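Here's the structure we're looking at; comments come further down.
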Amino acid sequence: MGCLAIDLAEIVRANSRYFDELVDLIPPKFYLPADDNVEKQWVFGMTKREKREARRLTKEHSKKARRDRLDPEKFVTTLQVLQQRNEVAEAHAEKEEEDEEAKAEENGEGDAEQAPVAGTERVKSSQELRERLHKRIEAIRAERRINKARDWQERTKDASKKRKKSENKTTLANKRQKQGHKETGIVPVSSEKVPVASDMEFGRVKIDSQKRTLNRKSKEKLLEQATKLQKDIQDTEKGKDVASKHSWDAALSRASGQKVFDNPKLLRQSLKREHQRREKSAKKWQDRHDSEAQRAQEKQQTRASHIKERIDARKQRLIAKREKKLMRPGFEGRKAGFLNEAK
Amino acid sequence: SHETGEKIPRSFVIGRGKLPVLLRNLEQDLRKLMLPHTALHLKESGKNTLKDFVHVAGPLGVSHFVILSNTKNAPYMKVARSPHGPTMTFKVHDFCLAADVARALLRYRAPPSIFKNPPLVVLNGFNPAEAHLKLVTIMFQNIFPVIDVKKVKLSLCQRVLLLNYDKDTKVIDFRHYAISAQPVGVSRGIRKLVQRTKIPDLRTLNDVSEFVTKSGYGSESEAENESSRVTLPQDYGRGNPASQQSAVKLHEIGPRMTLQLVKVEEGLCSGAVMFHEYGIEENKKKNKKKKEEPVDDMDVDMDGEEQHEEEEEDDDADYYRQEVGEEPGEGKRNFTLLRQVPCF
């Protein structure tokens, strides 16, 4: 195919030239990564004098760089800068390889192994180094993210555990469940049963009392019981037995903290107090209820009167204003008409 | 309390009448014993009657009263439950202050931290078949808060109150101890190193190994009391970790008393007498009047009752016997002239 001979090389060359020109349009500051040769100085370890020196040097360098940038003779295109950098990097890489070879020779490795190793290492360029660095940074970042996520998960798990615990504490069913579980407390180890004399008693220990106040009789019922008890005591036949039995029972239960309602007088007082409290609050409510409509009406009245006052005041003001115009010297107010005028 | 959900019993320790210095010190010692649930610096003036205290006790949540009073015969201690509760009257045969105990012991140790938690109580010899003894046990068990066995911290149980009843003499021994635990099976030097905060003095030793071996293996008192060794379920202070053997030691602090239960009344220093040591019938007349006259002739009236004229007795000796409980003429003073002193 003669006339449609596609010269691949020519096409590639044209494309390459096009891209080069494009690259040349971009100033090197934006296209190329920052120069790696600039060492990052560790500012914290420097003395004041060193810091001052470093500052001065940077200032000088920046001035010089600006002059070079604007100097037409020293003008370098982006591509040229790129080429220069690549050359420098290669020279650097070669130097590194030589150093490594020297070290390897010291360690006693054979020459035969050097050749392939050297060959592969020569491929290193600044670009590759940069890529490796970026990869490492990314790897570290990823690790950090994973750790952070794990920590965060644990923290939320702890928080949810705590919440669950506090919820579990309150429910009675869970309490009953817990009794089945083994608890670490002061329950003594079963192998060591301390022999306790049968007469020994210890302080009060809590037993799970699930029935707390199932039977709470009303005060009226208690009053009935108390009066009945009094009557039984008055009854001469068995009165004494009943009295003594009751007094001991009452004393024992009072000593252990339970309330015993056996005095009818006190019960009646308490009932009366309760009754009076209820009455008082009912009366208060009734008064409030009654006076509500009245108060509402009063409020409306005052409101209406205030509005009316405002309107009247406004009218007065307007009248006064009109009259003011007629207060000319020599005249007082409106034309009153002639004295003789028929009315 | 938060743990048990029950109300914590609080107490007032007060003295009635003019108490001599020793009894005032005893009152202070009893207040320290009842800490932390008591009013340590309660101020009482001569004009306060029992009713005032009862009125104040309600809002403050005070449930028990311990009342000390003095008579020519002996001091008396009443333990009562606040609004309408039973009252037990004990006669104090002998007592001993905390300061006396401190002087008697070589190493008296009562650091203020042990008074931050209530004491445990142990009663021995109180036969529950007898109603008045049962009442005493229940009363003392309920003066101190309930212990939740599952949740309580062992290291907070640092004091114990011991009450021992001797049924022959009908006398109750009242003792107050501090509890400490010592690890078992280690030499004295190591035990001290573990338990104390002080750094040991190695000046006199040639080698560190001497520190371990010098004081011998095992302490001197390890041979005694196998029964005081326990395996701790929880940590108890320094050097006594959980599930290790430790020996429990008691150090006496606080007052000692020898008490005898004399009277049990239904109400707070009022009401019918349910039990009387010297018999209810013989002492029935005294139930209406004040049994013991106060030391000074001011009529300090605990029960809020009026002093009344003495009733006639057929026999002076009988009367004396009933009042005082011993034969006339045996006491240090001759009391037979008491009746002839007019009462105001």
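Fair warning: this is a prediction, and the values are worked out from it, not measured in the lab. Residue numbering restarts at 1 for every chain, and letters A, B, ... go by the order of the sequence lines. Because only heavy atoms are used, hydrogens play no part in the values below, and waters and symmetry mates are left out as well, while side chains stay in.
For A/Q234, the CD atom is densely surrounded, since the number of other residues' heavy atoms within 6.0 Å is greater than 12. Within a 6.0 Å radius of CD in A/E292, other residues, nucleotides and ligands contribute more than 12 heavy atoms.
Residue B/L162 holds its CG atom at 8.0 Å from CE of A/M200, rounded to the nearest 0.5 Å. Here the CD atom belonging to B/E266 is positioned 10.0 Å from the CH2 atom belonging to A/W248, to the nearest 0.5 angstrom. Considering CZ of A/F202 and CG of B/N124, their distance stands at 8.5 Å, rounded to 0.5 Å. Remark: B/I147 CD1 to A/R204 CZ distance equals 10.5 Å, nearest 0.5 Å.
For a residue to count as touching a neighbouring chain, one of its non-hydrogen atoms must lie under 4.5 Å from one of that chain's; by this rule A/S247 touches chain B with backbone and side chain alike. Residue contact with chain A, scored on non-hydrogen atoms closer than 4.5 Å, involves the backbone of B/F126 exclusively. No part of B/L120 comes within reach of chain A, as not one of its non-hydrogen atoms sits under 4.5 angstrom from that chain.
Scanning both residues, B/N142 and A/S256, for their nearest heavy atoms gives ND2-CA, 3.5 Å. Here the closest non-hydrogen pair linking B/M274 and A/A251 is CE-CB, 3.4 Å. In this structure, A/V205 and B/V146 approach most closely via the heavy-atom pair C-CG1, 3.8 Å.
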_Full working for side chain to side chain contact (heavy atoms under 4.5 Å, CB included) between B/L135 and A/L252_ = CA-CA 6 Å; B/L135 184 65; A/L252 287 174; 3.7 Å; yes
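Partners of A/R254 under the salt bridge (Lys or Arg N to Asp or Glu O under 4.0 Å) rule, at least two apart in sequence or in another chain, are A/D262.
No side-chain donor-acceptor contact under 3.5 Å links A/E201 to the backbone of B/V122.
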